[in-house]
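Owing to the predicted nature of the structure, the values given are computational and were not obtained by experimental measurement.
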Amino acid sequence: MTKRIPLVAGNWKMNKTIAEARELVSSMSARLREIGGVEKVLCPPFTSLMAISTMLAGTDIGLGAQNMYWEEKGAFTGEVSPLMIKELCKYVIIGHSERRAYFGETDETVNKRLRAAQKFDLTPIVCVGETLDEYESGRTEAVVARQIKLGLADADSAFAPRIVIAYEPVWAIGTGKASSGENANGVVSKVIRPAMSALFGEATAQAIRVLYGGSVNAGNASEFFNQPEIDGALVGGASLKADEFAAITKAASRLDRGQLTID
Ligand code: PEP
């Protein structure tokens, strides 16, 4: 039986000039390259993608964009298309909660991006997760199930196993207040995999990687990676520190899953 290969992705958000990005990659790439058994992905801002893609060429460290528009080209001032992303990246983050909260993204626009990723053969890292208010009022299950159902609607079943889901409770992002491993694991097993199963069948639901995101650091990473349903992490703040990110990646490399993953 093939395994779900763990994945750790660093979301740098709106941080680092090109020079700073180069410096950060220089300080972490040798360490990351020594860590096997885990897919490693860096997601710098658009402006640094070209420089970092040159630095990562020939390594096993992947490059991802933090967002993209869904149209291929045209009069969409300020947007970046999947065709352009595809020239540099293998991965793209879709539907991050900051984009939903500050830039008007909805489940419907997440779905348009998802289908653009499919069309352009990009591996999407689709973010889902409830706000504090939704968490406190017991709506986690309904919100996350809806985000999966609408965000992933009409994806091809052949493409579905490539999709990576990042469960990121909004109340845990950048707050230093991570979810417990047990709580995150429960959302994955009770909501995310069943929602994937309803869309694509049980085999695909079991094959898909599900990451946890929200205040992951070197100290708490293992708590998540020890959970049976969590296959890695989407890391924000701690991905800007070479030591922290390398330590988180190392912790994920110890994961040993018994399920299929499709490259
Ligand atoms: C994120 O931006 O996806 C994230 C999880 O941020 P942080 O690790 O800083 O909470």
Side-chain angles (χ1 to χ4, degrees), residues 4 7 9 11 43 64-74 76 79-83 85-86 89-131 134-135 139-170 184 186-213 229-232 234 259-263:
R4 289 200 298 258
L7 190 156
N11 172 17
C43 304
Q66 297 174 18
N67 180 36
M68 69 176 184
Y69 196 56
W70 55 84
E71 295 287 352
E72 193 174 321
K73 61 183 173 187
F76 302 102
E79 292 296 329
V80 178
S81 88
L83 186 66
I85 300 294
K86 180 68 189 165
C89 299
K90 178 176 168 198
Y91 303 83
V92 60
I93 298 174
I94 292 178
H96 191 281
S97 63
E98 287 151 14
R99 298 218 49 91
R100 293 181 194 250
Y102 308 140
F103 302 103
E105 287 201 21
T106 63
D107 295 325
E108 287 70 30
T109 61
V110 167
N111 184 251
K112 288 183 177 190
R113 289 177 164 87
L114 188 277
R115 286 190 284 131
Q118 172 178 290
K119 183 171 173 197
F120 287 89
D121 196 30
L122 288 156
T123 297
I125 302 175
V126 182
C127 302
V128 298
E130 78 285 4
T131 63
E134 290 161 346
Y135 175 67
R139 285 182 284 153
T140 299
E141 193 164 323
V143 167
V144 173
R146 187 207 71 222
Q147 290 172 333
I148 300 261
K149 185 175 172 208
L150 299 182
L152 275 57
D154 298 326
D156 288 348
S157 55
F159 178 72
R162 280 267 301 279
I163 299 170
V164 177
I165 303 289
Y167 170 55
E168 301 206 306
V170 179
V187 175
V188 181
S189 67
K190 294 192 196 102
V191 187
I192 295 178
R193 290 203 198 275
M196 298 301 290
S197 179
L199 287 173
F200 307 112
E202 188 55 21
T204 299
Q206 292 302 324
I208 279 167
R209 271 92 54 90
V210 184
L211 317 180
Y212 167 76
E229 297 291 348
I230 297 176
D231 306 311
L234 179 56
Q259 302 294 338
L260 175 72
T261 193
I262 295 169
D263 200 2

Report the distance from atom [atom1] of [X] to atom [atom2] of [Y], rounding to the nearest 0.5 Å.
{"X": "Leu83", "Y": "Lys119", "atom1": "CG", "atom2": "NZ", "value": "9.0 Å"}
{"X": "Ser189", "Y": "Glu229", "atom1": "OG", "atom2": "CD", "value": "5.5 Å"}
{"X": "Met68", "Y": "Ile94", "atom1": "CE", "atom2": "CD1", "value": "4.5 Å"}
{"X": "Ile93", "Y": "Asn11", "atom1": "CD1", "atom2": "CG", "value": "4.0 Å"}
{"X": "Thr123", "Y": "Ile163", "atom1": "OG1", "atom2": "CD1", "value": "10.0 Å"}
{"X": "Ile125", "Y": "Glu168", "atom1": "CD1", "atom2": "CD", "value": "9.5 Å"}

For this session: Give the intermediate values and the outcome of side-chain contact (heavy atoms from CB on, under 4.5 Å) for residues Arg4 and Val210.
Result: CA-CA 9 Å; Arg4 289 200 298 258; Val210 184; over 6 Å; no
Is it true that a side-chain atom of [X] and a backbone atom of [Y] form a donor plus acceptor pair closer than 3.5 Å?
{"X": "Arg100", "Y": "Cys127", "value": "yes"}
{"X": "Glu105", "Y": "His96", "value": "no"}
{"X": "Arg193", "Y": "Ile208", "value": "yes"}

Over all heavy atoms of both residues, which pair between [X] and [Y] is shortest? Give the atoms and the distance, please.
{"X": "Asn111", "Y": "Gly151", "value": "ND2-O, 2.9 Å"}
{"X": "Val144", "Y": "Tyr167", "value": "CG2-CE1, 4.1 Å"}
{"X": "Ala117", "Y": "Phe159", "value": "C-CZ, 4.1 Å"}
{"X": "Pro82", "Y": "Ala116", "value": "CG-CB, 3.9 Å"}
{"X": "Gly129", "Y": "Val170", "value": "O-CG2, 3.9 Å"}
{"X": "Val110", "Y": "Gly95", "value": "CG2-CA, 3.7 Å"}

Exercise. Are any of the side-chain heavy atoms of Val80 and Ile85 separated by less than 4.5 Å?
Worked result: yes
Could you pull out every donor-acceptor pair under 3.5 Å between side chains of residues 194-205 and any protein atom, sequence neighbours left out?
from   : atom 1 : to     : atom 2 : distance (Å)
Ser197 : OG     : Glu202 : OE1    : 2.8
Glu202 : OE2    : Gln206 : NE2    : 2.7

Exercise. Are Arg99 and Phe103 in a cation-pi contact, defined as NZ or CZ under 6.0 Å from the six-membered ring centre and within 45° of the axis?
Worked result: yes
Exercise. Looking at residues at least two apart in the chain, or sitting in another chain, which of them share a salt bridge (charged side-chain N to carboxylate O under 4.0 Å, His left out) with Lys73?
Worked result: none
For this session: With side-chain contact (heavy atoms from CB on, under 4.5 Å) as the test, would you mind laying out the steps for Trp70 and Thr109 before giving the verdict?
Result: CA-CA 8 Å; Trp70 55 84; Thr109 61; 3.8 Å; yes
For this session: Could you list all the salt bridge (Lys or Arg N to Asp or Glu O under 4.0 Å) pairs where at least one residue sits in residues 140-154, not counting sequence neighbours?
Result: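 As it turns out, the salt bridge (Lys or Arg N to Asp or Glu O under 4.0 Å) pairs with a partner in residues 140-154, which skip direct neighbours, are Asp107-Arg146.
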Exercise. When you look at Glu134 and Thr140, which way does the side-chain contact (heavy atoms from CB on, under 4.5 Å) test go after all the steps?
Worked result: CA-CA 6 Å; Glu134 290 161 346; Thr140 299; 5.8 Å; no
Problem set entry | Passing option when Ile165 is tested against Leu234, Val188, Leu152 for side chain to side chain contact (heavy atoms under 4.5 Å, CB included) |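 Exactly one candidate clears the test, Leu152.
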